[in-house]
Amino acid sequence: MLDLRRPLVRSVLLTTAAVALLGALTIWTVDGPQALISASPGARRDGVKEFSIRVYAWGFSPKVIRVDPGDTVRFRVVSDDIQHGFAINELGLNLQLVSGREVRSPDVKVTLPPGKYPIQCSTFCGLGHPSMKASLVVGNPGPTPAATVPWIASLLALAAAGSFAALAAGRREPGP
Amino acid sequence: MTRDLLVLPPVRRALRFRPFQFLAIVPAALVVAVVVASTWFGIDHPGFNFGTVFTWVVWWGALLLSFVFLGRAWCLVCPIGAAGEWVQRLRLWGRSRYTAGLELPWPRRLRNLWLATGLFLVFIWLDNGYGMSNSPRLTAGLIAVLTLASAWIGLVFERRAFCRYVCPLTAFIGLNSLFSMLELRRREAEVCRADCATKDCYRGNATTYGCPMGEFPGGAMDTNLFCILCTECIKGCGHDNIGLRLRAPGQDLWAMRRPRADGAFAAVTVVGLATLIPLVTYAWLPKVRGLLAGVLPAGLPPNDPPRLVGVGLLFAIGLGASVALVYGFSLLSRRAAGARALPARALFVHYAYALIPLGLFKFLADLLDHALRTWGALGDVTRALMLDFPLNRTVAGRVTVLHLLGPVETYLIQILLLLCGLLFTLFALHRISLRLFDDREIALASFLPMAGLGVVLTLVSLWMLGAPLL
């Protein structure tokens, strides 16, 4: 039976509840919108798949662009606010955008194997810049193992904190 | 375990050399001059301008790394702070008998970090609203405004009032420097207390100035918060009682004898800017901007009121959430520890400083991603600068695409950095709890909720950076 009068027992229970609640809220805030993202198949024009993309601090619309291996693609990109970049390193593309002006990429033939490749802002644009990403999906790669990495990292963080707390509880010598 | 670098004769000679600081400032001033020329006259695009790429990628990255190894070393060489000091002293390095300044004391009510934290938030809002780091001209304007402010405050107030109380980065730099592996402190407290009547480290003497930051190295200075490593006290101490020591990182976070509410709030602000504020803005800015567009007139970006107000609103919400979260966990900590615990406000003030590594390592992880994935741009802009030195007016071509690591590999390094930040925070929180409570079980009970807060903020960072992989 748990003795709730003991500070340590109270502390473990309160901490576990708070971390579980706020951790779930965090994951829902970041991961929730991912399920609602609609992928853009693009429009065919002169044998080229053309994508119109809007860029803003800190995201892309659409967030997922679907192409097939062997497609020739073109991107028409416009920034809605400040200056950004539109880079797909694996395609050798890095467009520099100016507010409100459309920039058109050269036509690029997709020779990449099926997979999910990052689209990112390549101009430092503030606090949310590191999270300003979208995806180029080539073919139908299915779920990628990389999607499990944030989950594994979260478990590692919990394990690290748990181990630290266990070590701290096990130490016998007096504090400073 | 510490090691005093001043026992090494070359280091000792260099730091006691009178023009040492001036000679350290000169290269930094030359680089800043090139940056200003490039940002003011060069191409008006951040991706092609040397000044913006150098300032917001190279300088920013070096600044973050310097916190870990060298504390406030940037302040030692910062030409903006030096401008105020030079016009005040009328000398570049020697001790002057005259001053051009009024030498007024800084107002008592403003002797804290509230003003600097407020200006830091304004700076961040301007940066994210108007794209300060995103515009060469605004970057040049920022450097000019700060230099003029430093000179004006140097002429009116005593010592480096600008650097201590006004510079928008002083709280950010000072707090992160608490983590540093380098400290400048007195060697023997007894020597300062019993043997020293003149207190030259604070007051100065015929050949050296007193601490320009108004610190008392021979007395109350127990952290790196305001120490700019100018070495004035090393030169001035007649008892050779100042040491420059290497130490384990993070020591100030738990060794601080008198944590203050202004510093604690600033610490929560810095950590919030790395974690909750970007999360809130990232998740809701498009929606809030859309809602505000129905109320406010739209403008041409970046002067677009719905967006500017939206960014400000979400920053306020994110900051409020950060403060509420730390305070809420302080309440949990108090409740868990029982009746003998300190008030929640006191726990907030003590524990907030320990969260600093979470913010610092998140900022490092952010920059790592940008640097590794856009490596080619640095070569492009440096080449462009060389072709048209120092104005950098070269017409932009295509940016070279060169990345050093793929997204998964980069994320794995980011995970390591974030876990390092978490472990340092846990260690600091634990040491603080042992200092606050004599009973080990109560200390642990008080520590656990704050450790939980550290885990939550780490999860925020892990998921923000990991979102593109989902």
Side-chain angles (χ1 to χ4, degrees), chain A residues 7-8 10-12 14-15 18-19 22-23 26-27 29-31 33-34 56-59 79-83 85 87 89 92-94 96 98-100 118 120 122-131 133 135 144 146-147 149-150 153-154 156-158 160-161 164-165 168-169 174-176, chain B residues 45-48 56-57 127-128 131 133-134 273 277-279 281-283 286 301-302 304 307 332 336-338 366 369-370 373-374 396 399 401 403 407-408 411 415 419 422-423 426 430 434-435 440-442 444-445 448-449 451-452 455-456 458-460 462-470:
Chain A
L8 208 49
R10 272 202 311 265
S11 187
V12 170
L14 286 170
T15 305
V19 171
L22 292 167
T26 300
I27 293 169
T29 308
V30 177
D31 194 28
Q34 305 279 335
Y56 55 89
W58 296 289
S79 166
D80 266 359
D81 42 46
I82 51 177
Q83 314 193 61
N89 284 4
L93 271 184
N94 189 342
Q96 297 294 308
V98 180
S99 312
Q120 64 186 344
S122 54
T123 295
F124 198 80
C125 62
L127 278 182
H129 169 75
S131 308
K133 304 261 171 71
S135 302
T144 55
V149 181
S154 304
L156 274 176
L158 289 168
F164 185 94
Chain B
H45 192 290
F48 295 122
W56 300 111
V57 180
D127 184 25
N128 289 275
S133 55
N134 201 266
L273 279 169
I277 295 175
L279 175 71
T281 317
Y282 164 82
D304 181 30
R307 185 173 165 278
L332 283 187
D366 285 351
D369 172 70
H370 182 80
R373 300 279 298 161
T374 57
V399 176
V401 177
H403 65 253
V408 178
Y411 185 57
I415 292 171
L419 291 180
L422 174 64
L423 287 174
L426 293 175
H430 184 236
L434 290 174
R435 198 187 67 212
R440 288 188 70 87
E441 184 174 339
I442 290 180
L444 193 63
L448 283 178
V455 171
V456 169
T458 304
L459 290 179
V460 169
L462 284 170
W463 281 83
M464 283 286 289
L465 294 175
L469 301 179
L470 296 168

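Letters A, B, ... mirror the listed sequences (proteins, then strands); counts begin at 1. Below, all heavy atoms of this structure are taken into account, side chains as well, without hydrogens, waters or symmetry copies.
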Note to self: Using side-chain heavy atoms (C-beta onward) and a distance below 4.5 Å, is A:Thr15 in contact with B:Leu332?
What the structure shows: no
Note to self: Which one wins on heavy-atom pair count under 4.5 Å against chain B: A:Ser154, A:Ser99, A:Gly23, A:Gly126?
What the structure shows: A:Ser154
Next item on the list: For each of A:Gly128, A:Ser135, A:Ala18, A:Ala157, tally heavy-atom pairs with chain B at distances under 4.5 Å, and name the one with the top tally.
Entry: A:Ala157
Notebook entry, point to check: With a 4.5 angstrom heavy-atom cut-off, which part of B:Leu422 approaches chain A: side chain, backbone, both or neither?
Noted result: side chain
Margin query: Assess the residue pair A:Thr123 and A:Gln96 against the criterion (side-chain hydrogen bond (donor to acceptor under 3.5 Å, both in side chains)); give the C-alpha distance rounded to whole Å, side-chain angles, the decisive distance to 0.1 Å, and a yes or no.
Written below: CA-CA 8 Å; A:Thr123 295; A:Gln96 297 294 308; 2.8 Å; yes
Notebook entry, point to check: Does B:Trp463 have any ring-ring contact (aromatic ring centres under 6.0 Å, His included) partners at least two apart in sequence or in another chain, and if so, which?
Noted result: A:Trp151
Notebook entry, point to check: Which answer fits A:Tyr56, side chain, backbone, both or neither, if we ask what part of it has an atom under 4.5 Å from a heavy atom of chain B?
Noted result: side chain
Check: Which residue out of B:Asp304, B:Leu465, B:Val456 racks up the most heavy-atom pairs below 4.5 Å with chain A?
Finding: B:Val456
Next item on the list: Could you look at A:Gln120 and say if it's the side chain, the backbone, both or neither that has a heavy atom under 4.5 Å from chain B?
Entry: side chain
Item checked: Under 4.5 Å from a heavy atom of chain A, the part of B:Ile277 involved -> side chain
Next item on the list: Could you tell me which portion of B:Val408 (side chain, backbone, both or neither) has an atom closer than 4.5 angstrom to a non-hydrogen atom of chain A?
Entry: side chain
Margin query: Test of understanding: with ring-ring contact (aromatic ring centres under 6.0 Å, His included), list the residues that count as partners of A:Phe164, not counting sequence neighbours.
Written below: B:His430, B:Phe447
Margin query: Let me confirm one number: the CG-OG distance from A:Asn89 to A:Ser122, rounded to the nearest 0.5 Å.
Written below: 8.0 Å
Item checked: Interface moiety of B:Pro449 toward chain A, non-hydrogen atoms closer than 4.5 Å -> both
Next item on the list: Counting only heavy atoms closer than 4.5 Å, note whether B:Leu426 contacts chain A via side chain, backbone, both or neither.
Entry: both
Next item on the list: Go through A:Pro118, A:Ala87, A:Ala161, A:Ser79 and name the one with the most non-hydrogen pairs under 4.5 angstrom from chain B.
Entry: A:Pro118
